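One structure is given below, encoded as structure tokens.
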Amino acid sequence: MNAWIPSPMAAATRYAIKTLDLLFVDRDLTRQRTSRSHCAAAAAATNTCEDLICRLASIAKRFPGPLSPPPPPPPGAKPRRRHPYHYHALMKAFSRAGQSDEVLRLLRDMKESGCKPNLLCYTTAIHSLVISNRPFEAQSLFQEMLMNGVHPDTISFSILAKSLAFHLKHFDSALTFLGCMVKNGSEPDVVTYSSLIAGFCRAGLVDDALKMFKIMHELKCTPNAHTFTPIIQFYCSRGEIRMARWILDYMHDYSIVPDAVAYNVFVQSLCQARQFEQVETLLRESDENGWMPDSVTYNTYINGLCKAGRVEDAFDQLEVMLGKGFHPTAVTLSILLNLLCSESKVVQVKSLLEKSVLLGWFIGTDGYNTVMSRLSESGQWVAALKLFADMVKKGVSPDTHTFNIVINSLCKGGKLGVAKCMVRSQGFIADSVTYNILYCAFQTAGRIDEFHDLFSNMGLLQDSVTYNIVIDYLCRKGRYSEAIYFLRTLEDSFSPDVVAHLTFGLVKGGKLGEVLSLFRDMLDRGLVIDHCIFDSLIKAFCLKGSCGGMGIYKLCVVLDVMLGIR
DNA sequence: GTAGGGTTAG
């Protein structure tokens, strides 16, 4: 392994490599590696794939080294002069590199050397924890800052308010926090409000976002493109393209010119709806609408075309993108690798990655993650683990997503103990995806107590996917009352996504009385029964074969209750 | 001197 792989992942990586070396001599794995299906997959190569790989290689030649590895931060670097400014400069660099542990180390070093951290150092450290999804540690550090007599300002308050709303979805706390800001003499500004609006929109609470928008207006706080983009995103995510376009027009009417980010969200939505001609029009008219498409715009468009099977058009757009002077980014590469993988050429892509050094193209973490993920999904988890070893040997730093793919592969191979050790190894930062992968694996293996021991000290990592896993499991086991009880114990107990999962399980189990009771309860509380619940329910009835014969009567009863007409 | 917000792939 190359020496420059920085902490915090270094220890976890070393452990992983050691483990993999042991794993590859495992008899079962060796058998799987040489299985016939893999040989058949390797033999299934076609000219199409070769053609795509040639194109990729030709781009690599035209743009040598566009994805060069980031320079490694100096190991154990310390500022020459012990002044908060110098510490801050280093902390900022580590924070930008996503290395919050290093930021905390510098903060500790400051205190130990008698240099009192100032507001900026604390702010950067808190922000680093927030963007690394470590909200509780961010809150503790904020408390420590107050205890040390450092008074927060609008920026530090805003970072914590964003953490509460955007990451934790604790909106009541976020609003209370806003009140605290004012009491402490820090007025929320456009960034503070925009962060909260983004949090509301991300949680699907657009009405609350619009209320916040109204408050901004009343306080004469002028919104900008950052304020509107999450609202556009909300409507786009629901396929409400007309509403999204209306907001873009509204922005123009009020002289808040939407920028590339706002339009990129819209382009994504048009691509999902396969409205590629609209995308073309948007790009053609970009100049007169006052925005410049960027590499994200083209990546989004190229990805949309790939997903729609329009590979030639995708490569044409790649040419347009390159012609306009945009270098392919890590995302461009991921999109193209993903395209190759979706053509069932994962084996060839794996070999392309292994030869990437010869091609003169640095393939980074994201490129490896994409291919490893596809390998693992298609059941070739040993190949995914081998590619992981290859990536680390080339000096490409794994991130949490990489480790999640490795852990998923280990779980698929029944190596739960190894996965558990990797999560426990120093420097491993688990996220909600890690939590969900392991929860599923330990639950299926009937070893859920071990799972709880593993995560008991890691703070809250559950999300709606976790809740759905629990509900699916309880419904599969016929423990419907427990599933309903579980839903009611959740903080956001009637989240549409989770309700949709539960009603799906209940309908499949023939528990229509429980479904009706749940819907009546929701309607009594003034809650709206979301379209995703409707979709899930219809799917469950269809799967159960209830859309014909007498079964249709039961379906109609449920739909009437949903619509509040029975 | 330095700090905070919205987007794309997996």
Side-chain angles (χ1 to χ4, degrees), chain A residues 83-93 95-96 103 117-128 130-131 138 152-163 165-166 186 188-199 201-202 209 223-234 236-237 258-269 271-272 291 293-304 306-307 321 328-339 341-342 364-377 384 399-402 404-405 408 433:
Chain A
H83 184 276
Y85 172 75
H86 300 105
Y87 274 106
H88 181 260
L90 267 178
M91 288 165 84
K92 183 73 195 151
S95 176
R96 280 194 180 138
V103 177
N118 63 9
L119 175 61
L120 265 71
C121 290
Y122 271 118
T123 305
T124 299
I126 292 166
H127 183 234
S128 172
V130 168
I131 58 179
D153 62 357
T154 299
I155 294 178
S156 42
F157 269 123
S158 298
I159 292 169
L160 217 63
K162 184 199 167 186
S163 171
F166 196 80
S186 298
D189 62 10
V190 61
V191 179
T192 325
Y193 288 120
S194 300
S195 301
L196 291 183
I197 286 173
C201 288
R202 196 191 197 197
N224 59 24
H226 288 262
T227 321
F228 284 99
T229 304
I231 303 172
I232 296 172
Q233 167 83 312
F234 170 83
C236 286
S237 69
D259 59 7
V261 178
Y263 275 108
N264 288 346
V265 171
F266 190 54
V267 166
Q268 161 78 350
S269 170
C271 286
Q272 277 173 347
W291 69 287
D294 59 12
S295 56
V296 176
T297 322
Y298 286 102
N299 284 343
T300 307
Y301 188 19
I302 291 167
N303 187 45
C306 286
K307 280 187 172 169
M321 174 183 175
T329 66
V331 177
T332 321
L333 182 63
S334 269
I335 291 165
L336 297 175
L337 289 172
N338 204 35
L339 168 70
C341 291
S342 66
T365 315
D366 298 327
Y368 273 95
N369 286 352
T370 300
V371 180
M372 280 170 61
S373 188
R374 294 279 84 81
L375 283 165
S376 187
E377 274 169 21
D399 61 9
T400 298
H401 184 214
T402 320
N404 284 342
I405 299 165
N408 198 24
V433 180

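If you're wondering where the values come from, they're calculated on a predicted model, not measured in any experiment. Per chain, numbering begins at 1; letters A, B, ... match sequence-line order.
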Next item on the list: Looking only at side-chain atoms of Val190(A), point me to the closest of dG4(B), dG5(B), dA3(B).
Entry: dG5(B)

Note to self: Can you identify which nucleotide, out of dG10(B), dA9(B), dG5(B), has its nearest atom closest to the Ser334(A) side chain?
What the structure shows: dA9(B)

Checklist line | Among dA9(B), dT8(B), dA3(B), the nucleotide that comes nearest once only the side chain of Lys307(A) is considered | finding: dA9(B)

Item checked: Backbone of Phe234(A) reached by a side-chain donor or acceptor of Ser237(A) within 3.5 Å -> yes

Notebook entry, point to check: If you check the Thr370(A) side chain, which of dG4(B), dG10(B), dG6(B) turns out closest?
Noted result: dG10(B)

Item checked: Under the side chain to side chain donor-acceptor pair (under 3.5 Å) test, residues paired with Thr124(A) that sit two or more places apart -> His88(A)

Note to self: For the residue pair Asp153(A) / Ser156(A), report whether a side-chain donor-acceptor contact shorter than 3.5 Å exists.
What the structure shows: yes

Item checked: Donor-acceptor pair, side chain of Asn369(A) and main chain of Met372(A), under 3.5 angstrom -> no

Check: Can you find a donor-acceptor N/O pair under 3.5 angstrom joining the side chain of Asn224(A) to the base of dG6(B)?
Finding: no

Next item on the list: Figure out the CE/P separation between Met321(A) and dA9(B), and round it to whole Å.
Entry: 14 Å

Notebook entry, point to check: Does Lys92(A) put a side-chain nitrogen or oxygen below 4.0 Å from OP1 or OP2 of dG4(B)?
Noted result: yes

Item checked: Side chain of Arg374(A) (C-beta onward), nearest among dA9(B), dG5(B), dG10(B) -> dG10(B)

Notebook entry, point to check: Taking atom types as modelled, is there a side-chain donor on Thr329(A) or Thr332(A) under 3.5 Å from an acceptor on the other?
Noted result: yes

Item checked: Nucleotide nearest Ser373(A) when distance is taken to its side chain, options dG10(B), dT8(B), dG5(B) -> dG10(B)

Next item on the list: Specify the separation, in whole Å, of atom CG of Leu339(A) and atom P of dA9(B).
Entry: 15 Å

Notebook entry, point to check: Closest to the Val331(A) side chain: dA9(B), dA3(B), dG6(B)?
Noted result: dA9(B)

Notebook entry, point to check: Within the modelled atom types, does a donor on one side and an acceptor on the other bring the side chain of Ser195(A) and the base of dG5(B) under 3.5 Å apart?
Noted result: no

Check: Partners of Tyr263(A) by ring pair (Phe, Tyr, Trp, His ring centres under 6.0 Å), sequence neighbours excluded?
Finding: Trp291(A)

Item checked: His88(A), nearest nucleotide to its side chain (from dG6(B), dT8(B), dT2(B)) -> dT2(B)

Next item on the list: Whole angstrom is fine here: how far is it from CG in Asn264(A) over to C1' in dA9(B)?
Entry: 14 Å

Notebook entry, point to check: Contact class for Thr192(A) (heavy atom, under 4.0 Å): base, sugar-phosphate, or nothing?
Noted result: base

Check: Backbone N or O of Ile302(A) within a donor-acceptor pair of the Asn299(A) side chain at under 3.5 Å?
Finding: no

Check: Contact class for Ser194(A) vs. all strands (heavy atom < 4.0 Å): base, sugar-phosphate, or nothing?
Finding: base

Checklist line | Selected nucleotide, minimal atom distance to Asp153(A) side chain, candidates dA3(B), dG10(B), dG4(B) | finding: dA3(B)

Next item on the list: Rounded to the nearest angstrom, tell me the gap between atom OH in Tyr298(A) and atom C1' in dT7(B).
Entry: 16 Å

Next item on the list: Would you kindly give the NE2-to-P distance between His83(A) and dG1(B), to the nearest whole Å?
Entry: 10 Å

Margin query: I want to check one thing: is the phosphate of dG10(B), taken as OP1 and OP2, less than 4.0 Å away from some side-chain N or O of Asn338(A)?
Written below: yes

Check: So what does Asn369(A) touch, heavy atoms closer than 4.0 Å: a base, only the sugar-phosphate, or nothing?
Finding: base

Check: For the pair made of CE in Met91(A) and P in dT2(B), what is the distance, rounded to whole Å?
Finding: 16 Å

Next item on the list: Would you mind telling me which of dG10(B), dA3(B), dG1(B) lies closest to the side-chain atoms of Tyr85(A)?
Entry: dG1(B)

Check: Just checking Ile335(A): base, sugar-phosphate only, or nothing, at a heavy-atom cut-off of under 4.0 Å?
Finding: sugar-phosphate

Notebook entry, point to check: OP1 or OP2 of dG5(B) sitting under 4.0 Å from any side-chain N/O of His127(A)?
Noted result: yes

Notebook entry, point to check: Can you check the Asn404(A) CG to dG10(B) C1' distance for me, whole Å?
Noted result: 11 Å

Checklist line | Between C1' of dG1(B) and NE2 of His86(A), the distance in whole Å | finding: 9 Å

